[in-house]
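The chains referred to below are lettered A, B, ... by the order of the sequence lines, with proteins before strands, and numbering in each begins at 1. Being a predicted model, the structure only gives us computed values, none of them experimental.
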There are 2 protein chains.
Amino acid sequence: MPNTPALPSPEKHIAESTVRRLSLYLRVLDQAAARGLQTISSVVLAEEGGTTSAQVRKDLSFFGSFGKRGRGYDVAELVTALQDILGLGREWKVYIVGAGKIGSALVSYRGFSQRGFRVVGIYDNNPQMVGRMLDGVGIRSMAQLEHDAARELPDIAVLTVPAEHAQAVADRVVAAGIRAIMNFAPAPLHVPPSVTVKSVNMALELEGLAYALVRRDAGEPPR
Amino acid sequence: MPNTPALPSPEKHIAESTVRRLSLYLRVLDQAAARGLQTISSVVLAEEGGTTSAQVRKDLSFFGSFGKRGRGYDVAELVTALQDILGLGREWKVYIVGAGKIGSALVSYRGFSQRGFRVVGIYDNNPQMVGRMLDGVGIRSMAQLEHDAARELPDIAVLTVPAEHAQAVADRVVAAGIRAIMNFAPAPLHVPPSVTVKSVNMALELEGLAYALVRRDAGEPPR
DNA sequence: CATGGCTTGTGAAGAATTTCACAAGAACGC
DNA sequence: GCGTTCTTGTGAAATTCTTCACAAGCCATG
Ligand SMILES: NC(=O)c1ccc[n+]([C@@H]2O[C@H](COP(=O)([O-])OP(=O)(O)OC[C@H]3O[C@@H](n4cnc5c(N)ncnc54)[C@H](O)[C@@H]3O)[C@@H](O)[C@H]2O)c1
Ligand SMILES: NC(=O)c1ccc[n+]([C@@H]2O[C@H](COP(=O)([O-])OP(=O)(O)OC[C@H]3O[C@@H](n4cnc5c(N)ncnc54)[C@H](O)[C@@H]3O)[C@@H](O)[C@H]2O)c1
């Protein structure tokens, strides 16, 4: 019997960096599957994912034992295992709040729907926008948010409102029972510990590049 | 004489996490300045930035000594110091490659221009798009890229093309002499070590949220 | 000008993460 | 069946990052 999918239930805390890399491995595996690869070794997985083979094996070892010595990992099996671990076996309902430039771009992003993230509602406080459709999803009034959430039980809220309103919107979203927030506004959010927040701060990434450029020119040791 | 801005020249390697936090502090300081604060302590800076006061002081200590014991940090002074450290004292020329949904949203993003990142060129390989204007910047043909770059010497390329073309575009951009890339495509890029890449992978962040949600329900120790 | 209350800067300790290195298992050829 | 080659899984070591804890400095007040 071929290696039944291990139930992903480590009792230890898993580092966020490990979880990020698991997502990355999943992406590499998708490509490998598309190229018709049956099997992949930790060395190849590492090369394509930009890390080391020891890191790959260690990351996976937290959740079980998925490979075969001398062979490597079965691509299809590992995809299933990683999806299980990451909670991608189901559909996640997403609200987007803020139907502006970035919010509209995200609605139709296939990278989300491919992984089971389904946008079920878009909210905006501008009456001009309410009622319009974005990629098949209607823009709703902010007034409805709590009411809709009680019925639809969305899992994740994506915040794409101006930074100065981000905290207020986060408060409402939390009060409405949503326990995961992805924040695109460049403002640190303060939420109860039962709520998970991930921030995507693009200006911050650019600043990291600027830093790298000035350091490089100044002759920073490249480590 | 009031604390002349220390030249930011640590000989040691500085962790990426430290640099990210410096950007964050800068954001908190902007808000503090807007509220009229003259001075701010590491405790307040930490609370608003979502870290600890010891972390704030340690981060800053890598670059010099910016505070006054018993008083805290002068907001305006620290802003200047951080901008210096991060290389935000100058204008950075940015090319955006891929004038699709996310590329167009980024062109007009004020968070970039506010920090001195100026979009000087947008490129697309779709002839239909070439010549159109996006927020005052014309979309140019990919054929021109190398030629324009030799003249304009852009510092940073933002890649917003489909994942399957990201590597090819990265290769061209590197060959054109650009040494910093911000990659929005969900594909790991392989570039020479002289080039710095930062990837913003939004699906990956969502997957991190999904993981947090399944773990939380499964009763992961909250660390 | 002495005292008390605050706050920084920083070595040292502690914790977390990554890398090393190797025993053990699997496949293949002969 | 046996040796060779490959590759995993994992303790242990090494490295990196964060937190602790406190001496030293600054300011206000009396
Ligand atoms: N445009 C970009 O490329 C970009 C990039 C990174 C981050 N961001 C951040 O994303 C956020 C949105 O940016 P954008 O460019 O899409 O702005 P935008 O102005 O195009 O869109 C913001 C939308 O939010 C709505 N809104 C405002 N206040 C609201 C509230 N209280 N409740 C509900 N809706 C509200 C507005 O009506 C508008 O439709 C900002 O915080 C911005 O800093 C934008
Ligand atoms: N839309 C989103 O919300 C979103 C979010 C995160 C990441 N992304 C990623 O960003 C990238 C772009 O996404 P999008 O939604 O803007 O797609 P899009 O299709 O709207 O835009 C892509 C643009 O790139 C151009 N292009 C294609 N190949 C090119 C090439 N070889 N050289 C130059 N230009 C080329 C196309 O003409 C098009 O204008 C994708 O990799 C996507 O995965 C998108």
Side-chain angles (χ1 to χ4, degrees), chain A residues 1-3 6 8 10-22 24-25 29 32 37-75 77-78 81-82 85 220-223, chain B residues 1-3 6 8 10-22 24-25 29 32 37-75 77-78 81-82 85 220-223:
Chain A
M1 178 154 123
N3 203 2
E11 275 322 303
K12 289 198 331 168
H13 172 86
I14 300 294
E16 189 178 310
S17 50
T18 294
V19 177
R20 296 180 70 88
R21 282 191 300 266
L22 294 182
L24 229 47
Y25 302 154
L29 289 168
L37 247 58
Q38 293 290 317
T39 229
I40 194 169
S41 75
S42 59
V43 175
V44 175
L45 200 38
E47 265 165 16
E48 317 236 321
T51 178
T52 68
S53 65
Q55 185 78 79
V56 169
R57 297 198 298 278
K58 181 63 92 181
D59 285 340
L60 294 176
S61 77
F62 293 129
F63 297 92
S65 176
F66 307 100
K68 285 194 183 45
R69 293 170 190 225
R71 297 274 291 152
Y73 302 88
D74 182 280
V75 172
E77 257 175 42
L78 192 52
L82 287 178
I85 291 169
E220 147 110 348
R223 196 216 264 265
Chain B
M1 177 152 127
N3 203 4
E11 274 324 301
K12 290 198 326 169
H13 173 86
I14 299 295
E16 189 177 309
S17 50
T18 293
V19 177
R20 295 180 70 88
R21 283 192 299 266
L22 294 182
L24 228 48
Y25 302 154
L29 289 168
L37 247 59
Q38 293 291 316
T39 230
I40 194 169
S41 76
S42 59
V43 174
V44 175
L45 200 37
E47 265 164 17
E48 317 235 320
T51 180
T52 67
S53 64
Q55 185 76 81
V56 169
R57 296 199 298 277
K58 181 63 92 180
D59 285 341
L60 295 176
S61 77
F62 292 129
F63 297 91
S65 176
F66 307 100
K68 285 195 183 45
R69 293 169 190 224
R71 296 276 290 154
Y73 301 88
D74 182 282
V75 172
E77 257 174 40
L78 192 52
L82 287 179
I85 291 169
E220 146 109 349
R223 197 216 263 266

Integer-rounded Å distance: dA27(C) P and D74(A) CG: 12 Å

Quick check: closest heavy atoms across R21(B) and D59(B), and the distance to 0.1 Å? NE-OD2, 2.6 Å

Whole-Å gap separating P (dT8(D)) and CZ (F66(A)): 14 Å

In chain order, what residues pass the side chain to side chain contact (heavy atoms under 4.5 Å, CB included) check against S61(A), with sequence neighbours excluded? K58(A)

Output yes when at least one side-chain N/O atom of S42(A) is less than 4.0 Å from OP1 or OP2 of dT7(D), else no. no

Contacts of R57(A) meeting salt bridge (Lys or Arg N to Asp or Glu O under 4.0 Å) (sequence neighbours excluded), chain-then-number -> none

Nearest-Å distance for atom pair CG/C1', residues D59(A) and dA16(C): 14 Å

Taking for each residue the nucleotide of DNA chain C bearing the nearest heavy atom, is the 5' side occupied by R21(A) or by I40(B)? I40(B)

Between C1' of dT17(C) and CZ of R20(A), the distance in whole Å: 15 Å

Where along residues 46-58 of chain B does a heavy atom fall under 4.0 Å from DNA chain C? R57(B), K58(B)

Rounded off to whole Å, could you give me the CG-to-C1' distance for the L45(B) and dT7(C) pair? 13 Å

If you compare every side-chain N and O of S17(A) against the phosphate oxygens of dT18(C) (OP1, OP2), does one of them come in below 4.0 Å? yes

Take the protein atom CD of E16(B) and the nucleotide atom P of dT18(D), then report the distance between them rounded to whole Å. 12 Å

Intermediate values then yes/no, side chain to side chain contact (heavy atoms under 4.5 Å, CB included), I85(B) and F66(B): CA-CA 12 Å; I85(B) 291 169; F66(B) 307 100; 4.1 Å; yes

OH (Y73(B)) and CG (L37(B)) are apart, to the nearest 0.5 Å, by 15.0 Å

When rounded to whole Å, the CZ to P distance for the pair F62(B) and dG11(C) reads 11 Å

Hey, is the side chain of Y73(B) poking within less than 4.0 Å of OP1 or OP2 on dC6(C), counting only N and O atoms? no

Taking all atoms of both residues into account, what is the closest heavy-atom pair of I40(B) and A32(B), and its distance? CD1-CB, 4.1 Å

Are side-chain heavy atoms of L60(A) and L78(A) found at a separation under 4.5 Å? yes

Residues which pass side chain to side chain contact (heavy atoms under 4.5 Å, CB included) with S41(A), listed by chain and number, not counting sequence neighbours: V43(A), V44(A)

Sequence neighbours left out, what passes side chain to side chain contact (heavy atoms under 4.5 Å, CB included) with D74(A)? Give chain and number order. A76(A), E77(A)

So which protein nitrogen or oxygen atoms get under 3.5 Å of nucleotides 26-30 of chain D's nitrogens or oxygens?
unit_1, atom_1, unit_2, atom_2, d
dC26(D), O4', R69(B), O, 3.0

